[in-house]
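Input: a single structure, listed below in structure tokens.
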Amino acid sequence: MKSYIVGNWKMNFSVGESSVYLHKLLQKTRAFRDIEVVVAPSTIALQPLSLQIDRKKIRLAAQSANAHDFGAYTGEVSCTQLRGIVDYCIFGHSERRHLFHETTKDIRAAVSAAIRNQITPILCLGETATERTFGETYDVLRDQLLSGLSEVSSEDIHKVIIAYEPVWAISTTSEAHLAAPDDVSEVVQFLRQLLTDTYGKKIATSIPILYGGSVRPSNAGAYLTIPEVNGLLVGGASLIADQFIEIIETAKRVKS
Ligand code: PEP
């Protein structure tokens with residue numbers, strides 16, 4: 001299976017800055033068959049960047065999208081509108097769940113809207129620090145995974161990507177709050193088993209599971225060498241082109 005290195009730029013960079021960054025990335029990366037490099041800029045930058053991008057090297061993702069195709073949904077952008085501009089869209093990011101109160105119902109409808117519009121959904125899952133403390137991690141992840149995928153048909157289920165992002169490990173500067181690779185490995189094995197029990201082994205082994213949570217050049221290798229991890233979702237470190245490029249290079253080394 002391919003490895004995915006996804007950079008989530010969140011609400012950073014002007015359109016001009018996004019274009020300069022992409023230019024640098026295109027210059028410094030070469031196409032590598034087993035690695036898919038994806039960047040998720042702000043919605044406003046997606047269309048111009050889609051004209052600049054070389055899809056053999058880098059793909060675009062949206063950071064979120066509405067489940068409806070068109071209509072009276074002020075401020076929203078739909079998968080139908082994003083179709084042809086992006087190849088991927090992130091759904092269920094912890095910031096969308098916790099800051100913008102996106103519900104499970106919103107997320108599962110948007111995941112199936114993405115598939116309907118030929119966009120690969122990257123479904124984020126993750127427990128909060130409190131849920132972890134109370135031993136609820138596996139219950140929370142089971143619920144987020146199964147409900148997030150519940151509107152996807154069995155024929156389409158192989159088109160999704162899962163990203164495990166423990167909320168307590170996102171954007172931390174403290175080494176103590178980084179997820180230990182052994183713990184990530186355990187959780188990812190749990191998710192793989194859950195996919196196997198629900199969809200069968202063949203489909204389960206074809207679904208990429210990414211890890212995200214304060215990934216940096218210094219720890220990327222440790223997460224990428226976890227056997228069940230098929231790539232990384234990178235926030236903060238993806239804002240610095242040189243760091244993101246270093247993470248891509250690490251993925252290439254691990255892969256070869
Ligand atoms: C994220 O927000 O998806 C993320 C993984 O961020 P960071 O790498 O900064 O923890």
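Counting convention: from 1, in listed order, for ligands and their atoms alike. These values consider heavy atoms only, across backbone and side chains, with no hydrogens, waters or symmetry-generated copies.
- In this structure, Arg97 contributes its side chain and Gly92 its backbone to a donor-acceptor pair below 3.5 Å.
- Between Glu165 and Arg96 there is no salt bridge, since none of the side-chain N atoms of the basic residue sits less than 4.0 Å from a carboxylate O of the acidic one.
- The closest heavy-atom contact to atom 10 (O) of ligand 1, among the options Ala237, Ser171, Gly236, comes from Ser171.
- Among the candidates Ile248, Leu25, Asp87, the single residue satisfying the side-chain contact (heavy atoms from CB on, under 4.5 Å) test with Ile58 is Leu25.
- The aromatic rings of His68 and Tyr73 sit parallel, their planes meeting at an angle under 30°, below the 60° perpendicular limit.
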Using the side chain to side chain donor-acceptor pair (under 3.5 Å) rule, take Ser185 and Asp182 through it: C-alpha gap first, then chi angles, then the decisive distance, then the call. CA-CA 5 Å; Ser185 174; Asp182 283 351; 5.9 Å; no
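- Contact atoms of ligand 1 toward Ser214: 7 (P), 8 (O), 10 (O) (distance under 4.0 Å to a heavy atom of the residue).
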Report the C-alpha separation of Tyr138 and Glu131 in whole Å, then their side-chain angles, then the decisive distance to 0.1 Å, and conclude whether the side chain to side chain donor-acceptor pair (under 3.5 Å) test is met. CA-CA 9 Å; Tyr138 291 117; Glu131 289 161 346; over 6 Å; no
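- Taking any N or O of Thr172, backbone or side chain, none lies under 3.5 Å from an N or O belonging to ligand 1.
- The ligand atoms of ligand 1 that sit less than 4.0 angstrom from a heavy atom of Gly213 are 5 (C), 10 (O).
- Heavy-atom proximity to atom 1 (C) of ligand 1, evaluated over Glu95, Arg216, His93, is greatest for His93.
- With ligand atoms numbered from 1 in the order given, ligand 1 contributes 1 (C), 3 (O), 4 (C), 5 (C) to contacts under 4.0 Å with heavy atoms of Glu165.
- Protein heavy atom in closest approach to atom 2 (O) of ligand 1: Lys10 NZ, 2.5 Å.
- Of the protein's non-hydrogen atoms, Gly235 CA, 3.3 Å is the one closest to atom 6 (O) of ligand 1.
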